[in-house]
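This report concerns only the one structure given below.
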Amino acid sequence: MNELLEVDGLVVDYGRARALDGADLRVAAGRTVGVVGESGSGKSTLGAAIGRLLPRQARVEAGEVRVGGERMLDLRPAELRRLRRGRLGFVFQDPIASLDPTMRVGRQLRLVLGRRGDVAAHLARVGLDAARVASAYPHQLSGGMAQRVAIALAMAASPELLVADEPTASLDAQVREKVLDVVFALAAEAGTSIVWLSHDLPAVARRCDRVAVMYGGRVVESGPAAAVLGAPAHPYTAALAGSAPAAAAPGVRLRPVPGRPPVLTGPSPGCAFEPRCPFAEERCAVERPAPVRVGEQDALCHRAADLVGELEVVA
Ligand SMILES: Nc1ncnc2c1ncn2[C@@H]1O[C@H](COP(=O)(O)OP(=O)(O)OP(=O)(O)O)[C@@H](O)[C@H]1O
Ligand code: SF4
Ligand SMILES: [Mg+2]
């Protein structure tokens, strides 16, 4: 499979706090991947690292990120800008913060599209009234409208890969679905791959081809959405899936998994899920699990091969 995005063994620290502890991710061209996990599992850090957009206090300690085969971490600033502009798009949770407050919306879009681009058409594509919105400043827009503008900006250059970090978290339920419809429709039309970082497992199950489950700064299970959620190979996926996908009704929140997620200050000595795992064995606390291919998915669990098919996904 020709991979558009390859993340290998990525380790990122914020001072003494370890946010990514060897994260791996593969995304093929045109695929949609939902990255799910509890708060603090490292989703935003992974998303930012893909575009080398990490905050200043973050340090990449190990690992590699390749976009279309280009090693992101080695690129010089000019090459990095070219690659970001040509191949990548980003949409973040807070749309207002990602827009330039001093510039009218139409002008911001014009800068991305160039002189010949059709600003009105790009606003219409995301369901906005171009006549009204083009002349507005970001602070004059509602959250839903601002997020549509951010999506129009991100998609204007038909990126090969869109990284969307909780793009609808600040929106109400009805607007949320509409905004997601727009993102996925535009991406399908342009052949754009999506990495969608989200808490909302049922929504990811409905929209994405593939799912990557994060825990303790690693992707602990990944594969086709139906396989990962229907027959998880990792106990954390089973716990997180709780009510999905059978009861994956819109708006159903995940049941919290008992116990607390880890706070890492260095490499986890074993499996980070060990303190909460009902299937843990002695080696789980001291041996880091390596990826195991089970059926169609990859899982970071010593017992994945015996557990797949046994893990109950109960409501
Ligand atoms: N700017 C920062 N400075 C210090 N620590 C940070 C910073 N950003 C994230 N962290 C820490 O890194 C870890 C991973 O955080 P991250 O934001 O990537 O997780 P997340 O999965 O996106 O969480 P959420 O679901 O809450 O958005 C957490 O322990 C978090 O406290
Ligand atoms: S490696 Fe061990 S502790 Fe970790 S999920 Fe698998 S069985 Fe549970
Ligand atoms: Mg986040």
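Every number for a ligand or one of its atoms is a count from 1 in the order of the listing.
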Atom 1 (N) of ligand 1 - nearest protein heavy atom and its distance = Q57 NE2, 3.1 Å
Confirm or rule out an N/O/S atom of Q93, from backbone or side chain, lying less than 2.8 Å from the Mg ion (ligand 3).
-> no
What is the nearest protein non-hydrogen atom to atom 16 (P) of ligand 1, stated with its residue, atom name and distance?
-> T45 OG1, 3.7 Å
Lys/Arg-Asp/Glu bridge criterion (N-O < 4.0 Å) met for R288, D21 = yes
For atom 6 (C) of ligand 1, the protein heavy atom that lies nearest, with its residue and separation = Y14 CD1, 3.3 Å
Verify atom 30 (C) of ligand 1: protein non-hydrogen atom under 4.0 angstrom away = no
Would you kindly specify which portion of E38 sits under 4.0 Å from ligand 1, judged on non-hydrogen atoms: side chain, backbone, both or neither?
-> backbone
Cation over ring, R207 on F184, under 6.0 Å and within 45°?
-> yes
Which protein heavy atom lies closest to atom 14 (C) of ligand 1, and at what distance to 0.1 Å?
-> G40 O, 3.5 Å
Tell me: protein heavy atom nearest atom 25 (O) of ligand 1, and distance?
-> K43 NZ, 2.8 Å
Sub-4.0 Å atoms of ligand 2 with respect to non-hydrogen atoms of F279 | 7 (S)
Indicate yes or no: at least one non-hydrogen side-chain atom of E38 is less than 4.5 angstrom from one of Y236.
-> yes
Counting only heavy atoms, which portion of C301 has something under 4.0 Å from ligand 2: side chain, backbone, both, or neither?
-> both
Atom 24 (P) of ligand 1 has as its nearest protein heavy atom S39 OG, 3.5 Å
Which word best sums up how the rings of F273 and H234 line up, parallel for under 30°, tilted for 30 to 60°, or perpendicular for over 60°?
-> tilted
Donor-acceptor pair, K43 side chain versus M214 backbone, under 3.5 Å?
-> no
The option among G37, A17, G42, A19 carrying the non-hydrogen atom nearest to atom 19 (O) of ligand 1 is G42
Do any heavy atoms of E281 fall under 4.0 Å from ligand 2?
-> no
Is the shortest N/O to N/O distance between S41 and ligand 1 below 3.5 Å?
-> yes
Residue C271 vicinity, atoms of ligand 2 by number, heavy atom under 4.0 Å | 1 (S), 3 (S), 4 (Fe), 5 (S)
Electrostatic pair R176:E166 at N-O distance under 4.0 angstrom | no
For atom 2 (Fe) of ligand 2, decide whether C284 has an N, O or S atom at a distance under 2.8 Å.
-> yes
Starting from atom 27 (O) of ligand 1, find the nearest protein heavy-atom neighbour and note its residue, name and distance.
-> S44 OG, 3.9 Å
Check whether any side-chain N or O of T32 sits under 3.5 Å from a backbone N or O of D209 as a donor-acceptor pair, and report yes or no.
-> yes
Atoms in ligand 2 with a heavy atom of H302 nearer than 4.0 Å | 1 (S), 6 (Fe)
Provide the closest heavy-atom pair for V294 versus A304 in the form atom of the first, atom of the second, distance.
-> CG2-CB, 3.8 Å
For the student: nearest non-hydrogen atoms of F279 and L311, plus distance | CE1-CD2, 3.4 Å
Can you find a heavy atom in the side chain of E70 that is under 4.5 Å from one in the side chain of E79?
-> no
Under 4.0 Å from any heavy atom of C277, which atoms of ligand 2 are there?
-> 3 (S), 5 (S), 7 (S), 8 (Fe)
Considering all heavy atoms, the nearest R66-G69 contact | CD-O, 3.9 Å
Counting from 1, what ligand 2 atoms have a heavy atom of H234 closer than 4.0 Å?
-> 5 (S)
Side chain R148, main chain R125, donor-acceptor under 3.5 Å = no
